[in-house]
Each structure stands twice: as C-alpha cells, then as structure tokens.
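Data block below; observations after.
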Amino acid sequence: MNLLKVLWNSLVIVIGAAFIACGFNLFLIPHHQLSGGVSGLSMLIGYFTSFDISVMYFVLNIPILAAGWFILGKRFISFSMLSVVATTWLIAVVPVKAVATDAFLAAVVGGVLVGIGAGISFRVGGSSGGFDIVGSIVTRYRDFPVGMVLVGLNGLVILAAGYLNNDWNIALASMVSIYITGKVVDLIHISHTKVTLFIITSHTEELLASLLALPRGVTKIKSEGAFSHTEKDMLMTVTTRYELAELKRIIKQTDPGAFVNIVETVGVMGSFRRR
C-alpha cells in the first residue's frame with residue numbers, strides 16, 4: 001500500500017472517530033444513554049464513578065487491541081489503534097452538550113453517527129476498536145453480519161444499564177441506539193457478503209503465491225483469448241468484501257494488466273474459510 005493510500009485511509013478513520021465522538025458527547029452521554037461494547041462499559045463506569053469516560057475507553061481497548069494484533073493482523077489493528085487514539089482525544093475535546101432534548105431522538109441520531117463512524121473505519125480496513133474487533137474475530141470463523149454480532153454482544157451492557165440506573169427507559173433507548181448502530185455498520189461495511197473473482201493474468205505463479213498466502217483457495221483454469229488466441233491462465237477465488245480491497249491491492253501490485261471480473265456470490269457450499 002502506497003503512502004498516499006495510507007494517509008487517505010488514516011484521514012477517513014479520523015473522520016470516523018469524529019462521527020463517533022459527536023454521537024457520544026452531543027447525543028448519548030447528555031442523556032446518560034449507552035453506546036455498545038467497550039464504549040458502553042466506559043460510559044457506565046463514567047456515569048457511576050469519578051473516572052473519565054475517554055480515559056476508560058482507551059484503557060479498556062488495550063487488551064482487545066492486543067488480542068486482535070495476533071488474530072486479525074497488524075494492518076487492521078494499526079488502523080484500529082489510530083481510531084481508538086483519535087476517538088479518545090476527540091471525546092475529551094468535543095463538549096458534552098445535548099443537541100436533542102428528546103431522549104429517543106438522541107438515541108436514534110447518536111446511533112446513526114456512531115454507526116457511520118464505525119462503518120467507514122471498517123471500509124478502509126480498520127475498526128473503532130472494542131467489540132468491533134471481537135465482532136470481526138467472530139465473523140472470521142462464523143458467517144454472521146458484523147453489526148448483528150455487535151448487537152448480541154451488547155445485550156449484557158444494556159442489562160447492566162437498566163439495573164444500575166434503575167431506569168429501564170434509558171436502557172431501552174440505549175438498545176434502540178445500539179441496534180441502529182449495528183444496522184448502519186452493516187449498510188456501510190458488508191464483510192459477510194461473498195464475492196467471486198475471475199482473474200486472467202500472465203503472471204500466474206507470482207499471483208498465486210500472493211493469493212494463497214492469505215490463505216484462500218484458488219482454482220487455475222487454462223484459457224485462450226478468442227481474438228488473439230493467446231493462452232493465459234484464469235484464476236478463480238471466492239472471498240469476502242472485507243478482504244476484497246486487499247485482493248485488489250495484490251493484483252494491481254503483481255500484475256497491473258490483469259483482467260478481473262468481480263461477481264457477487266449468492267451462496268457458498270463446501271470448504272470456505274471465513275476470515
């Protein structure tokens with residue numbers, strides 16, 4: 001990945017962190033509502049103790065980021081670390097001020113903003129940390145949408161909110177916010193969607209070496225140009241939208257002249273490793 005692409009992805013992640021911080025400080029926190037996962041735990045701790053929410057958000061993310069480093073890869077976690085650091089800083093900078101006086105509207109808009117922030121971070125190969133990373137680990141081995149995984153993981157946080165606040169209206173509003181966040185994440189980042197790539201290349205062995213390192217199964221098919229009668233190889237592989245950007249990068253780097261047809265896959269039977 002070239003420097004310009006890294007800088008662009010980093011900028012997108014910081015913008016995503018800004019969406020998340022605004023969702024927290026302008027909509028959720030003023031009404032004592034919760035976001036999901038680690039941020040929700042951070043809010044719970046901040047509401048009932050003297051600990052700062054931004055500090056707790058950073059501290060609680062550290063062990064999850066460390067686990068993700070070994071399972072999800074250095075690039076993904078590096079971008080996730082940037083998101084966590086940027087979000088931590090922006091939570092401390094953006095003033096806590098209620099933009100919406102209605103708690104339900106605050107839950108809806110806050111959930112949308114947090115979902116946009118997390119979703120665009122996923123799209124460029126990172127995450128907003130916390131349960132997003134846990135969700136990514138789960139979907140690597142199970143064929144579930146990331147957003148719905150997050151909704152399931154956040155159930156315990158909602159129960160804790162209702163119990164500690166002794167106000168189930170706040171808990172239910174938080175549930176609405178978290179559900180909307182999950183749906184927005186799935187609209188923006190659909191890593192559970194499968195795609196099939198048909199790659200016609202003159203650099204078969206070099207491309208195979210890179211593709212099989214992912215690892216992904218690849219089928220090699222002999223082909224011939226109808227007009228030129230030039231013999232080439234066609235490589236076929238099935239992957240997820242989560243990995244598609246990485247595959248495009250590998251193909252462009254290995255064989256810029258390769259012809260690639262990308263088709264959305266309705267279903268997969270047989271051996272398919274979910275990463």
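Index from 1, following the sequence.
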Using residues 47-56 as the side-chain source, report each donor-acceptor pair under 3.5 Å to any protein atom, sequence neighbours left out, with the distance given to one decimal.
from: Y47; atom 1: OH; to: Q33; atom 2: O; distance (Å): 2.7
from: T49; atom 1: OG1; to: I45; atom 2: O; distance (Å): 2.5
from: T49; atom 1: OG1; to: F51; atom 2: N; distance (Å): 3.2
from: D52; atom 1: OD2; to: S54; atom 2: N; distance (Å): 2.9
from: D52; atom 1: OD2; to: S54; atom 2: OG; distance (Å): 2.2
from: D52; atom 1: OD2; to: V55; atom 2: N; distance (Å): 3.3

Identify all side-chain donor-acceptor contacts of residues 85-93 below 3.5 Å with residues at least two apart in sequence or on another chain.
from: T87; atom 1: OG1; to: S83; atom 2: O; distance (Å): 2.7
from: T88; atom 1: OG1; to: V84; atom 2: O; distance (Å): 2.7

Please set out all donor-acceptor pairs under 3.5 angstrom arising from side-chain atoms of residues 97-109, sequence neighbours excluded.
from: D102; atom 1: OD1; to: F104; atom 2: N; distance (Å): 3.0
from: D102; atom 1: OD1; to: L105; atom 2: N; distance (Å): 2.9

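For T254, there are no side chain to side chain donor-acceptor pair (under 3.5 Å) partners at least two apart in sequence or on another chain. F19 meets the ring-ring contact (aromatic ring centres under 6.0 Å, His included) test with no other residue; sequence neighbours excluded.
Counting all heavy atoms, side chain and backbone alike, V185 lies closest to A118 at CG2-CB, 3.9 Å. In this structure, A66 and F70 approach most closely via the heavy-atom pair O-CD1, 3.2 Å. Here the closest non-hydrogen pair linking A21 and V94 is CB-CG2, 4.4 Å. The two atoms that bring H32 and I170 nearest to each other are O-CG2, 3.2 Å, heavy atoms only.
Note that the CD1 atom of I13 and the CZ atom of F122 stand 11.0 Å from one another [nearest 0.5 Å]. Annotation: the span from I116 atom CD1 to S121 atom OG amounts to 11.5 Å, rounded to 0.5 Å. A distance of 12.0 Å separates OG in S223 from CZ in F198, rounded to the nearest 0.5 Å. Atoms CH2 and OG, from W69 and S78 in turn, are 4.0 Å apart once rounded to the nearest 0.5 Å. Rounding to the nearest 0.5 angstrom, the gap separating the CG atom in L28 from the CD1 atom in I20 is 11.5 Å. Here the CG atom belonging to N169 is positioned 10.5 Å from the OG atom belonging to S174, to the nearest 0.5 angstrom.
Inter-residue side-chain proximity for L34 and S177 is flagged as unmet; no heavy-atom pair is nearer than 4.5 Å. The shortest side-chain heavy-atom distance between T181 and V184 does not fall under the 4.5 Å cut-off. The closest side-chain heavy-atom distance from T237 to T219 is not below 4.5 Å.
F24 and F58 fall within a single hydrophobic cluster, where Ile, Leu, Val, Met, Phe, Trp and Tyr side chains are chained together by heavy-atom contacts under 4.5 Å. By the criterion of side-chain heavy atoms lying less than 4.5 angstrom apart, applied directly or through intervening Ile, Leu, Val, Met, Phe, Trp or Tyr residues, L44 is grouped together with V96 in one hydrophobic cluster. In terms of hydrophobic clustering, with Ile, Leu, Val, Met, Phe, Trp and Tyr side chains grouped at heavy-atom distances under 4.5 Å, L208 and I250 are assigned to a common cluster. Cluster annotation: I199 and M236 are assigned to distinct hydrophobic clusters (Ile/Leu/Val/Met/Phe/Trp/Tyr, side-chain heavy-atom contacts under 4.5 Å, transitive). Note on M234 and L207: separate hydrophobic clusters, where clusters join Ile, Leu, Val, Met, Phe, Trp and Tyr whose side-chain heavy atoms are under 4.5 Å apart, directly or indirectly.
Panel note: side chain S35, backbone G40; no donor-acceptor pair is recorded below 3.5 Å. Listed for the N61 side chain is a donor-acceptor partner under 3.5 Å among the backbone atoms of Y57.
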**Item:** Working for side-chain contact (heavy atoms from CB on, under 4.5 Å), residues F79 and N9
**Value:** CA-CA 8 Å; F79 279 136; N9 289 349; 3.8 Å; yes
**Item:** Trace of the side-chain contact (heavy atoms from CB on, under 4.5 Å) decision for D233 with I221
**Value:** CA-CA 6 Å; D233 290 315; I221 305 168; over 6 Å; no
**Message:** Run the side-chain contact (heavy atoms from CB on, under 4.5 Å) test on D255 and E206 for me, step by step, so that the C-alpha distance in whole Å, both residues' side-chain angles and the decisive distance to 0.1 Å come before the verdict.
**Reply:** CA-CA 9 Å; D255 183 6; E206 298 95 317; over 6 Å; no
**Request:** Could you walk me through whether F259 and K232 pass the side-chain contact (heavy atoms from CB on, under 4.5 Å) test, one step at a time?
**Result:** CA-CA 11 Å; F259 176 82; K232 290 188 178 182; over 6 Å; no
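At most 12 non-hydrogen atoms from other residues, nucleotides or ligands lie less than 6.0 angstrom from CH2 of W8.
Partner of I262 under the side-chain contact (heavy atoms from CB on, under 4.5 Å) criterion, chosen from L247, T239, L197: L197.
When hydrophobic side chains of Ile, Leu, Val, Met, Phe, Trp and Tyr are connected at separations under 4.5 Å, L4 ends up as a singleton with no cluster partners.
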